[in-house]
Amino acid sequence: MEGRERAEEPRRALPPLPGAEPGRVVTRFAPNPDSVLHVGSARAAVLSHDYARAYGGKFILRFDDTDPRIKKSRLDLYDAVLEDLRWLGCEPDEVHRQSERLEIYYRYAEALIMMGGAYVDTCPPEEFRRLVRSSRPCPDRDLPPEVHLERWRRMLNGEYGEGEAVLRVKTDLSHPNPAVRDWPAFRIVDTGRHPHPVVGSRYRVWPLYNWASAVDDHEMGVTHIFRGQEHSTNAEKQRYVYARFGWTYPVAIHYGRLMIEGGVLSKSEVERGIREGRYTGYDDPRLATLRALRRRGVLPDAIRQLIYSVGIKPSDATVSWGVLLAINRKLIDPIAPRYFAVLDPVEVRISGVPGELRAEMPKHPQNPGMGRRSYSLAPEGGELRLLIERSDAASARPGSVIRMMGLLNARVTAASPAGLEAEFLPGGVEEARSARAAFVHWVHPQHSIRILVVMDDASRRAGLAESALSHERPGTIVQLEREFFARLDSVDPDGSLVLYYTSQRGSRWPRSMTAPQSWRSATSHGSNGGAPRYLSSLKASSEPSPATSFARRSASAGPTMLP
RNA sequence: GCUCCGGUGGUGUAGCCCGGUCAAGCAUGGCGGCCUUUCGAGCCGUCGAUCGCGGGUUCAAAUCCCGCCCGGAGCACCA
């Protein structure tokens, strides 16, 4: 692992962990369940989990839910976080909630008070701040431990109101960083008015982050801590507690923020946006939450590889969607079955079709084991009507040859904004090649279903896809050939199959900068300028309501878990 | 303001500790080409950084030293 060989591949493995002994590594992921996980939080989770596994150690999930008031936890989010974590492949060995461990924090507090290492401060906050800024003690500081023990009991008994007393850890009043000087360990919360979602109003004295964290990391035998660099002064604060008790502080590794360019990530912005209805939920495709990425068809391993490649340095990193999606494409390409879909359809009328034609295409060109999709298409009066993409039709010229992939070749005889007329040409792929034909995908009206694609900017595009698509399970990531990857999601109330856009090659943010011109016309309601009557009279499918069977499977399948 | 931390192509990252083989590797992106029944997938090629700026040490600096500039984080009875 050492040596100075050049990296020729993106990092696929973790660098060695400082101070790690095989079998003795304990890590923890400590979120506050006040929102769902996003790519940034995934960084701590993945590193903590993967290092624990790499060294045969233990990975603990600990909910840091000790603020019943400002960063209030929500009961439903404890489960949501665990679900996100499992999806990421980070199954915890133990799960704890700090709100259920208050007695433990109290015990250590008492011990420290008796050692003279902590005191109950009854100075008004402003007064304390004024004193400590000039390195002077609050008068309470030098009272004997017995007095503070007594005050501590009174705190617990509810004899002080909110803000009237706080337990502080004695550190160093001349520490260069005022925040480190005698930092607070416990404060009083009126849980009658602000009940905690787990323990209600059972406790009034609540530990602050540094106390609960310090005690738990020791109690749980944590050896390595991964967290954002905003916690680096906290490590410094906690070292005072460890020194007093004679404990060894874990190896703390701080890293910078990980953001996705243009992806909304801030907890408060996510919460506010959802509340105000600007986002459809935690899984709105514009968000960089894990749930949004999952719904879009981003695999957990893509996120993991991204985190590995960004590494563990303390500076912030803003990666583009392109990088994440490119990693993801490499993973989904081998497993995504191929289907035809036309989002902005125009009609092609092909005359001279000799008889019934059979289209048969592999679901995956490199993986025959995935099966095939096939359709028998009967011409009416020698004429076959197909739908193709408007942009494809626009580049066809009378006289040119067009290849309906997997089906037939035809020579274009007339082209207009309403569509194409063409005449059947015998021959297959070879003939099409030598005629320099344009290879295009198509949909037959009688063998199609309606689809609705939720794009990465949350707009919706309606279209048609070949009917076999309806036999795929929800959660499957497919490639709509020559267009993009998308994840099968659900069935819309109007019967359309709903897909979430995953990505296409070269996609950047904002995508509209690079989108083909044909996309501009179709934004939210699925334009169909060329064949409106045709589309509206279209039957959803010739097959026995595939949408319904899809819906049934969809309902029983539960949350989508990809292999 | 104070305390930490960081600055390599558009973006992310490797190298910096142990100076030369680094006018700098990889990925993404742009461009061009190829492709076995069919794909905006894949493959190949190519474009793009004198390594924040200035000075110093040295035969030699992205790598060591000093100064400056820029950016981030922290400075809560939040986590």
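Please read all numbers here as calculations on a predicted model, not as lab measurements. First the proteins, then the strands, lettered A, B, ... as listed; each starts at 1.
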Checklist entry - In whole Å, what separates the P atom of B/U50 from that of B/G25? => result 13 Å

Checklist entry - So which nucleotide from B/G12, B/C77, B/C39 ends up closest to the side chain of A/V310? => result B/G12

Checklist outcome for this item: Whole-Å distance, A/N177 CG to B/C75 P, equals 9 Å

All N/O pairs under 3.5 Å across the protein-nucleotides 69-73 of chain B interface:
{"residue": "B/G72", "atom": "O2'", "partner": "A/D316", "partner atom": "OD2", "Å": "2.9"}
{"residue": "B/A73", "atom": "O2'", "partner": "A/E230", "partner atom": "N", "Å": "3.4"}

Next on the checklist: Taking any heavy-atom pair under 4.0 Å as a contact, classify A/P125: base, sugar-phosphate, or nothing.
Outcome noted: base

Next on the checklist: Of the options B/C39, B/A79, B/U28, whose atoms approach the side-chain atoms of A/E481 most closely?
Outcome noted: B/C39

Item to check | A/D172 bridged to A/R181 by N-O distance under 4.0 Å | outcome: no

Item to check | Which nucleotide in B/U37, B/C77, B/U28 has an atom nearest any side-chain atom of A/L208 | outcome: B/C77

Checklist entry - Of all the choices, B/C75, B/U28, B/C78, which nucleotide is nearest to the side chain of A/S320 once you look at every atom? => result B/U28

Item to check | Distance between C1' atoms of B/G6 and B/G42 (Å, rounded) | outcome: 38 Å

Item to check | ring-ring contact (aromatic ring centres under 6.0 Å, His included) partners of A/H196, counting only residues at least two apart | outcome: A/W206

Checklist entry - So what does A/P365 hit on the nucleic acid, given a heavy-atom distance under 4.0 Å: a base, only sugar-phosphate, or nothing? => result base

Checklist entry - Which one, B/A79, B/U28, B/C39, comes nearest to the side chain of A/R187? => result B/A79

Checklist entry - Which string of ( ) [ ] | and . matches RNA chain B, if you list each base 5' to 3' and count Watson-Crick or G-U pairs only when both distances are under 3.5 Å? => result (((((((..((((......[....))))((((((.......))))))....(((((..]....))))))))))))....

Checklist entry - Taking the same atom, P, in B/G9 and in B/A24, what whole-Å distance lies between them? => result 14 Å

Checklist entry - Does a nitrogen or oxygen in the side chain of A/K72 sit under 4.0 Å from OP1 or OP2 of B/C78? => result no

Checklist entry - What residues, two or more places apart in sequence or in another chain, satisfy ring-ring contact (aromatic ring centres under 6.0 Å, His included) together with A/Y249? => result A/Y242

Checklist entry - Which nucleotide, B/C75, B/U13, B/C77, lies nearest any side-chain atom of A/K313? => result B/U13

Item to check | Euclidean distance for P, B/U63 against B/G52 (whole angstrom) | outcome: 8 Å

Checklist entry - Considering only the P atoms, how many Å lie between B/C34 and B/A27, rounded to the nearest integer? => result 22 Å

Checklist outcome for this item: ring-ring contact (aromatic ring centres under 6.0 Å, His included) filter on A/F128, not counting sequence neighbours, yields none

Next on the checklist: Work out how far the P atom of B/C68 is from that of B/A62, and round it to whole angstrom.
Outcome noted: 23 Å

Next on the checklist: Just N and O in the side chain of A/T66: are any of them under 4.0 Å from OP1 or OP2 of B/A79?
Outcome noted: yes

Item to check | A/D333 and A/R338 ion-paired at < 4.0 Å | outcome: yes

Next on the checklist: Suppose we screen for salt bridge (Lys or Arg N to Asp or Glu O under 4.0 Å). Which residues come up paired with A/R304, at least two apart in sequence or across chains?
Outcome noted: A/D50, A/D301

Checklist entry - Taking only residues two or more places apart in sequence, or in another chain, which ones meet A/Y108 in a ring-ring contact (aromatic ring centres under 6.0 Å, His included)? => result A/F245, A/W247

Checklist outcome for this item: Rounded to whole Å, the CZ-P distance (A/F186 to B/C78) equals 13 Å

Checklist outcome for this item: Taking B/C77, B/C39, B/A79 as options, the one with an atom nearest any side-chain atom of A/N32 is B/A79

Checklist entry - Given atom CG of A/D64 and atom C1' of B/C78, what is their separation to the nearest angstrom? => result 11 Å

Checklist entry - Rounded to whole angstrom units, what separation is found between the NZ atom of A/K237 and the C1' atom of B/U3? => result 12 Å

Next on the checklist: Under 4.0 Å, heavy atoms only, any strand: does A/G256 hit a base, just the sugar-phosphate, or nothing?
Outcome noted: nothing

Item to check | Residue mapping more 5' on RNA chain B - nearest nucleotide basis, A/E360 or A/A30 | outcome: A/E360

Item to check | Candidate list A/K170, A/R141, A/R129, A/K237, test salt bridge (charged side-chain N to carboxylate O under 4.0 Å, His left out), partner A/D182, passing option | outcome: A/R141

Checklist entry - Tell me: CG of A/N328 to P of B/G29, nearest whole Å? => result 13 Å

Checklist entry - Which sits closer to the 5' end of RNA chain B, A/A179 or A/R433, going by the nucleotide each is nearest to? => result A/R433

Item to check | Nearest-angstrom distance, C1' atom, B/A73 to B/C31 | outcome: 40 Å

Next on the checklist: Need one value for A/N234: base, sugar-phosphate or nothing, where a base atom within 4.0 Å counts as base even if backbone is also close, heavy atoms only.
Outcome noted: base

Next on the checklist: In this structure, how many angstroms lie between the C1' atom of B/U28 and the NZ atom of A/K330, rounded?
Outcome noted: 8 Å

Checklist entry - Are A/R62 and A/D64 within salt-bridge range, i.e. N to O under 4.0 Å? => result yes

Next on the checklist: Can you check the distance between B/G45 and B/A60, where both ends of the measurement are the C1' atom (answer in whole Å)?
Outcome noted: 34 Å

Checklist entry - Below 4.0 angstrom from OP1 or OP2 of B/C77, is there any side-chain N or O of A/R129? => result yes

Checklist entry - Are A/F226 and A/Y255 close enough that their ring centres sit under 6.0 Å apart? => result no

Item to check | salt bridge (Lys or Arg N to Asp or Glu O under 4.0 Å) involving A/R373 - partner list, sequence neighbours excluded | outcome: A/E466, A/E481

Checklist entry - Given B/U38, is OP1 or OP2 found less than 4.0 Å from the side-chain N or O atoms of A/R338? => result no

Please tabulate, for side-chain N and O atoms in residues 436-443 of chain A, each donor-acceptor pair with protein atoms closer than 3.5 Å (sequence neighbours left out).
{"residue": "A/H441", "atom": "ND1", "partner": "A/R482", "partner atom": "NE", "Å": "3.4"}
{"residue": "A/H441", "atom": "NE2", "partner": "A/A341", "partner atom": "O", "Å": "3.1"}
{"residue": "A/W442", "atom": "NE1", "partner": "A/M405", "partner atom": "O", "Å": "2.8"}

Next on the checklist: Applying a 4.0 Å non-hydrogen cut-off, can you work out what A/Q366 is touching in the nucleic acid: base, sugar-phosphate, or nothing?
Outcome noted: base

Item to check | Atom pair distance, as rounded to whole Å: CG in A/D190 and P in B/C77 | outcome: 19 Å

Checklist entry - With a 4.0 Å cut-off on heavy atoms, is A/G428 in touch with a base, just the backbone sugar-phosphate, or nothing at all? => result nothing

Checklist outcome for this item: Here the distance between atom C1' of B/G6 and atom CG of A/L258, to the nearest Å, is 16 Å

Next on the checklist: Rounded at 0.5 Å granularity, tell me how far CD in A/E159 sits from CZ in A/R154.
Outcome noted: 5.5 Å

